[in-house]
Amino acid sequence: GSCPSSTPGPGAGHLQYTGVDIAGFDFGCNSDGNCTPSAAWPPLVEYYGHDGFGQMQHFVSNGMSIFRLPVGWQAVTPTLGGPIDETLWTKYDTLVQDCLSLGVWCIIDIHNYARWGGKIIGQSSGAVTDAQFANLWSQIASRYKDVDKIIFGLMNEPHDVPDIHIWANMLQAAVNAVRQADATSQMILLSGNNWTSAATYAKLKTALLTL
């Protein structure tokens, strides 16, 4: 006798989202949440950086459909809880618009590892508060509330977060801020712990599934 083939058929297992990072605006950020804004290097030829737009064009031509655009929190708001630095954001938005012009999904990603200046959001005796993080996302979301293919990546790779339930409450505050800014249709990416490990994420479902 013979056994049926186990080879997947054409189109089986197709991934909806495949893509890469376009790094540069996150340069100068360390995994302890310390960022040096002046070290950010826009991946844009008009700002004397590498050709992020050309890279995206190349990957789109090879079938990719999504790009993560990381940026340091301190570069966006040099003062904790303060307004967005418009000079920096003008440059960053150039990259966002380049991405959107290709008809793909574009992730705005805050690249701070759950921290500002070594202090975990909401878990460092009030040094960095949920409200300050929510304020950041309210400002960002209000700028893209009418853009369907924007995705809000709330935080890159949190790690060593002591209390995941407190962390989940902080994420909820950020989600609320996004939706209250009238950005009601965009996808929001929720980060877990252990560098956003998929293996760890399953263990955190009790805290995160309620968001």
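Just so you know, residue 1 is the first one in the sequence shown, and it goes up from there.
- Y92 and F25 have perpendicular rings, their planes meeting at more than 60° on a 0 to 90° scale where under 30° would count as parallel.
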Dump the intermediate steps for side-chain contact (heavy atoms from CB on, under 4.5 Å) on I84 and V76, then the final yes or no. CA-CA 5 Å; I84 285 176; V76 178; 3.8 Å; yes
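- Residues Y144 and D93 bring a donor and an acceptor atom of their side chains to less than 3.5 Å of each other.
- I22 is connected to L88 through a chain of hydrophobic side-chain contacts under 4.5 Å among Ile, Leu, Val, Met, Phe, Trp and Tyr, so both are in one cluster.
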Evaluate ring pair (Phe, Tyr, Trp, His ring centres under 6.0 Å) for W73 paired with H111, printing each intermediate quantity in order. CA-CA 7 Å; W73 186 357; H111 212 78; over 10 Å; no
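- Side-chain contact between V175 and I188 is present, with at least one heavy-atom pair separated by less than 4.5 Å.
- Interatomic distance, T77 OG1 to Q139 CD, rounded to the nearest 0.5 Å: 7.0 Å.
- Under a hydrophobic-cluster definition in which Ile, Leu, Val, Met, Phe, Trp and Tyr are linked whenever side-chain heavy atoms come within less than 4.5 Å, directly or via other members, F27 and V45 are assigned to different clusters.
- Heavy atoms only, all atoms of each residue included: N135 and G82 are closest at ND2-O, 3.7 Å.
- A side-chain donor-acceptor contact under 3.5 Å links N156 and R68.
- Rounding to the nearest 0.5 Å places CE of M170 at 4.5 Å from CD1 of I121.
- Here the straight-line distance linking atom CH2 of W116 with atom CD of Q132 works out to 8.5 Å at 0.5 Å rounding.
- Rounded to the nearest 0.5 angstrom, S185 OG and R179 CZ are separated by 7.5 Å.
- Side chain to side chain, Q172 and N176 meet the donor-acceptor criterion of an N or O pair below 3.5 Å.
- Ring geometry for F67 against F59 counts as tilted: the plane angle lies between 30° and 60°, on a 0 to 90° scale.
- The pair E86-R143 meets the salt-bridge criterion, since a charged nitrogen lies less than 4.0 angstrom from a carboxylate oxygen.
- Cluster annotation: Y113 is not connected to I164 through the hydrophobic network of ILVMFWY side chains, with a link wherever side-chain heavy atoms come within less than 4.5 Å.
- Scanning all heavy atoms of the two residues, the minimum distance from A207 to A168 falls at O-CB, 3.5 Å.
- How far CG of L154 is from CG of L171: 6.0 Å, rounded to the nearest 0.5 Å.
- The shortest side-chain heavy-atom distance between L95 and P43 falls under the 4.5 Å cut-off.
- For the pair N194/D160, no side-chain contact is recorded, criterion being any heavy-atom separation below 4.5 Å from C-beta on.
- Judged purely by atom type and a 3.5 angstrom limit, T36 has no side-chain atom pairing as donor or acceptor with the backbone of S38.
- Linking ILVMFWY side-chain heavy atoms closer than 4.5 Å, directly or via other members, places L80 and W89 in a single hydrophobic cluster.
- Distance CG/L190 to CE/M155: 12.5 Å, rounded to 0.5 Å.
- Counting only distance, with no hydrogens or angles, the side chain of N30 and the backbone of D32 share no donor-acceptor pair below 3.5 Å.
- Heavy atoms only, all atoms of each residue included: Q123 and I166 are closest at CG-CG2, 3.6 Å.
- A donor-acceptor distance shorter than 3.5 angstrom exists from the side chain of S124 to the backbone of I120, with no hydrogens or angles considered.
- Contact between S65 and V104 at its shortest, heavy atoms only, is O-CB, 3.3 Å.
- Put simply, the side chain of W41 never gets that close to the backbone of A23: no donor and acceptor are under 3.5 Å apart.
- Note: the hydrophobic cluster containing V147 does not contain M187 (ILVMFWY, side chain heavy atoms under 4.5 Å, direct or indirect links).
- S61 places a side-chain N or O within 3.5 Å of a backbone atom of H58 that can act as its donor or acceptor partner.
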Under the ring pair (Phe, Tyr, Trp, His ring centres under 6.0 Å) criterion, do W137 and F152 qualify, and how do the steps go? CA-CA 9 Å; W137 275 109; F152 300 122; 5.6 Å; yes
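- Here the side chains of I107 and L69 are not in contact, with every heavy-atom distance at 4.5 Å or above.
- The shortest distance between side-chain heavy atoms of L100 and K149 falls below 4.5 Å.
- With a 4.5 Å cut-off on side-chain heavy atoms, E46 and F53 do not count as touching.
- Side chains of Y47 and T94 form a contact here, defined as non-hydrogen atoms less than 4.5 Å apart.
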Determine, step by step, whether H159 and S31 satisfy the side-chain contact (heavy atoms from CB on, under 4.5 Å) criterion, reporting the C-alpha distance in whole Å, the side-chain angles of both residues, the deciding distance to 0.1 Å, and the verdict. CA-CA 9 Å; H159 65 90; S31 60; 4.0 Å; yes
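- Smallest separation of non-hydrogen atoms from S142 and A181: N-CB, 3.9 Å.
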What do the steps show when you test W105 against C99 for side-chain contact (heavy atoms from CB on, under 4.5 Å), and what is the final call? CA-CA 8 Å; W105 298 90; C99 180; over 6 Å; no
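- For the residue pair Q74 / N112, a side-chain donor-acceptor distance below 3.5 Å is found, with atom types taken as modelled.
- With hydrogens and angles disregarded, a donor-acceptor distance shorter than 3.5 Å links the side chain of D26 to the backbone of G24.
- A search for side-chain contact (heavy atoms from CB on, under 4.5 Å) contacts involving N169 returns nothing, not counting sequence neighbours.
- The shortest side-chain heavy-atom distance between D21 and P70 falls under the 4.5 Å cut-off.
- The two atoms that bring Q186 and K145 nearest to each other are NE2-O, 3.0 Å, heavy atoms only.
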